[in-house]
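For this chain, numbers begin at 1 and follow the sequence in order.
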Amino acid sequence: MQRTKVLLRLTLLILLPAIFLGGCASKKHLKTALRYDEAGLFEDAAQSYMRSLSANRDNIDAKLGLRRTGQQVLEQRLSDFQSHYSNQRYRDAVYAYLEAERFQERARALGVRLDFSGNHQRAYHEVRSMYLAELYEEGLRQLDAEAFATAEQHFAEILDIDAAYKDV
């Protein structure tokens, strides 16, 4: 009985400061996010809202802020993708889309759903296919030229984008 009380007190002594410090960190990041938000620095604001939510998943103000600024950041990233796609910069388009997708997933993991609408996915699959075909052909050329290290880099990049691509 005495040992249980000691363990309970020890646990409380460890947990209470951790909970208190987590709440303080969340508030600190929220204040920073609000300052960035007011200044129109939405990317920085969204990152600070994410840090706030990482410290305290129940911070409603941080969730609301991330939903608003995160949507703006996501739309900007998708606009970058569309611009690269329109200008036939396939590599840049692929990586802009993947960056937007990762950002949306980070927000989702923190409990915030961002709208990834539009026909971006269809365009992404199209441009991804073209870019991967270019990389694949270049990798094969490098193999034929016995530039194995360069070929390996091309094939590794393909695998990073699509692990099931052809015979890579």
Side-chain angles (χ1 to χ4, degrees), residues 25-26 28-30 32-57 59 61-168:
S26 180
K28 175 185 161 215
H29 292 301
L30 177 63
T32 302
L34 291 170
R35 285 195 304 271
Y36 283 136
D37 202 349
E38 288 173 9
L41 301 170
F42 302 119
E43 176 76 34
D44 294 324
Q47 297 303 325
S48 290
Y49 285 128
M50 286 180 171
R51 283 191 289 279
S52 178
L53 285 171
S54 292
N56 178 4
R57 296 279 306 245
N59 188 327
D61 293 327
K63 281 187 178 188
L64 292 172
L66 180 56
R67 181 179 298 151
R68 186 176 27 72
T69 61
Q71 189 64 48
Q72 290 173 313
V73 169
L74 182 61
E75 287 171 8
Q76 180 59 53
R77 290 181 181 185
L78 290 172
S79 175
D80 292 345
F81 160 74
Q82 197 63 46
S83 174
H84 296 312
Y85 174 77
S86 297
N87 292 319
Q88 298 179 345
R89 294 187 355 232
Y90 302 139
R91 180 185 191 287
D92 293 337
V94 166
Y95 283 101
Y97 185 90
L98 291 173
E99 188 177 299
E101 210 172 50
R102 280 191 299 272
F103 181 80
Q104 181 199 30
E105 184 53 41
R106 281 183 59 212
R108 182 183 303 134
L110 292 168
V112 176
R113 185 185 174 286
L114 302 177
D115 183 27
F116 205 106
S117 61
N119 62 353
H120 302 293
Q121 190 174 27
R122 182 186 52 75
Y124 167 69
H125 288 294
E126 178 186 325
V127 75
R128 181 184 74 173
S129 293
M130 291 186 286
Y131 180 59
L132 291 177
E134 285 178 6
L135 276 176
Y136 186 76
E137 291 301 318
E138 184 57 30
L140 291 177
R141 279 193 291 278
Q142 295 299 321
L143 279 177
D144 289 342
E146 297 184 8
F148 300 117
T150 305
E152 182 182 15
Q153 289 174 343
H154 290 316
F155 294 136
E157 185 176 356
I158 290 171
L159 289 174
D160 285 342
I161 296 170
D162 183 357
Y165 190 78
K166 292 189 180 185
D167 59 352
V168 175

Run the salt bridge (Lys or Arg N to Asp or Glu O under 4.0 Å) test on Arg108 and Glu101 for me, step by step, so that the C-alpha distance in whole Å, both residues' side-chain angles and the decisive distance to 0.1 Å come before the verdict. CA-CA 10 Å; Arg108 182 183 303 134; Glu101 210 172 50; over 6 Å; no
Residue set satisfying side chain to side chain donor-acceptor pair (under 3.5 Å) with Tyr165, at least two apart, ordered chain then number -> none
The salt bridge (charged side-chain N to carboxylate O under 4.0 Å, His left out) partners of Asp92 (sequence neighbours excluded) come to Arg89
For residues [X] and [Y], report the shortest heavy-atom separation together with the two atoms involved.
X: His84; Y: Ala96; result: CD2-CB, 4.0 Å
X: Ser52; Y: Ala62; result: OG-CB, 3.5 Å
X: Lys63; Y: Leu110; result: CE-O, 3.9 Å
X: Ala46; Y: Leu66; result: O-CD1, 3.8 Å
X: Ala100; Y: Arg77; result: CB-CB, 3.8 Å

Of Leu98, Val94, Val127, the one forming a side-chain contact (heavy atoms from CB on, under 4.5 Å) with Phe81 is Val127
Which word best sums up how the rings of Tyr97 and Tyr124 line up, parallel for under 30°, tilted for 30 to 60°, or perpendicular for over 60°?
-> parallel
Distance-only criterion, 3.5 Å: show the donor-acceptor pairs between side-chain atoms of residues 139-146 and protein atoms not counting sequence neighbours.
residue, atom, partner, partner atom, Å
Arg141, NE, Glu138, OE1, 3.1
Arg141, NH2, Glu138, OE1, 2.9
Gln142, NE2, Glu138, OE2, 2.6

Could you go through Leu64 and Tyr49, starting from their C-alpha distance and side-chain angles, then the distance that decides it, and tell me whether this counts as side-chain contact (heavy atoms from CB on, under 4.5 Å)?
CA-CA 9 Å; Leu64 292 172; Tyr49 285 128; over 6 Å; no
* Between Arg102 and Glu99, is the closest basic N to carboxylate O distance under 4.0 Å? -> no
Straight-line distance of [X] [atom1] to [Y] [atom2], nearest 0.5 Å:
X: Ser86; Y: Gln82; atom1: OG; atom2: CD; value: 5.0 Å
X: Leu114; Y: Arg106; atom1: CG; atom2: CZ; value: 11.0 Å
X: Phe148; Y: Thr150; atom1: CZ; atom2: OG1; value: 11.0 Å
X: Met130; Y: Leu135; atom1: CE; atom2: CG; value: 13.0 Å
X: Leu30; Y: Asn56; atom1: CG; atom2: CG; value: 10.0 Å
X: Leu74; Y: Thr69; atom1: CG; atom2: OG1; value: 11.0 Å

- Query: So, do Phe116 and Phe103 have ring centers that fall under 6.0 Å from each other?
  - Reply: no
Student check: side-chain heavy atoms of Tyr85 and Glu126 closer than 4.5 Å:
yes
Practice item. Please examine the side chains of Ser79 and Glu75, heavy atoms only from C-beta on, and report whether any two atoms are closer than 4.5 Å. Key: no
Do Arg51 and Ser48 pair up side chain to side chain, a donor and an acceptor below 3.5 Å, judged on atom types alone? yes
Is there a donor in the side chain of Gln76 and an acceptor in the side chain of Gln72, or the other way round, less than 3.5 Å apart?
-> no
Counting only heavy atoms not in [X], do more than 12 fall under 6.0 Å of its [atom1]?
X: Glu152; atom1: CD; result: no
X: Arg128; atom1: CZ; result: yes
X: Glu134; atom1: CD; result: yes
X: Tyr36; atom1: OH; result: no

Checking the side chain of [X] only, and the main-chain atoms of [Y] only, is there a donor and an acceptor separated by less than 3.5 Å?
X: Asn87; Y: Ser83; result: yes
X: Ser54; Y: Met50; result: yes
X: Gln71; Y: Asp115; result: yes

Set out, in order, the CA-CA distance, both residues' side-chain angles and the distance that settles side chain to side chain donor-acceptor pair (under 3.5 Å) for Tyr136 and Asp167, then state yes or no.
CA-CA 10 Å; Tyr136 186 76; Asp167 59 352; 2.6 Å; yes
* So Glu43 and Gln47, side chain to side chain donor-acceptor pair (under 3.5 Å) or not? Walk me through it. -> CA-CA 6 Å; Glu43 176 76 34; Gln47 297 303 325; 3.1 Å; yes
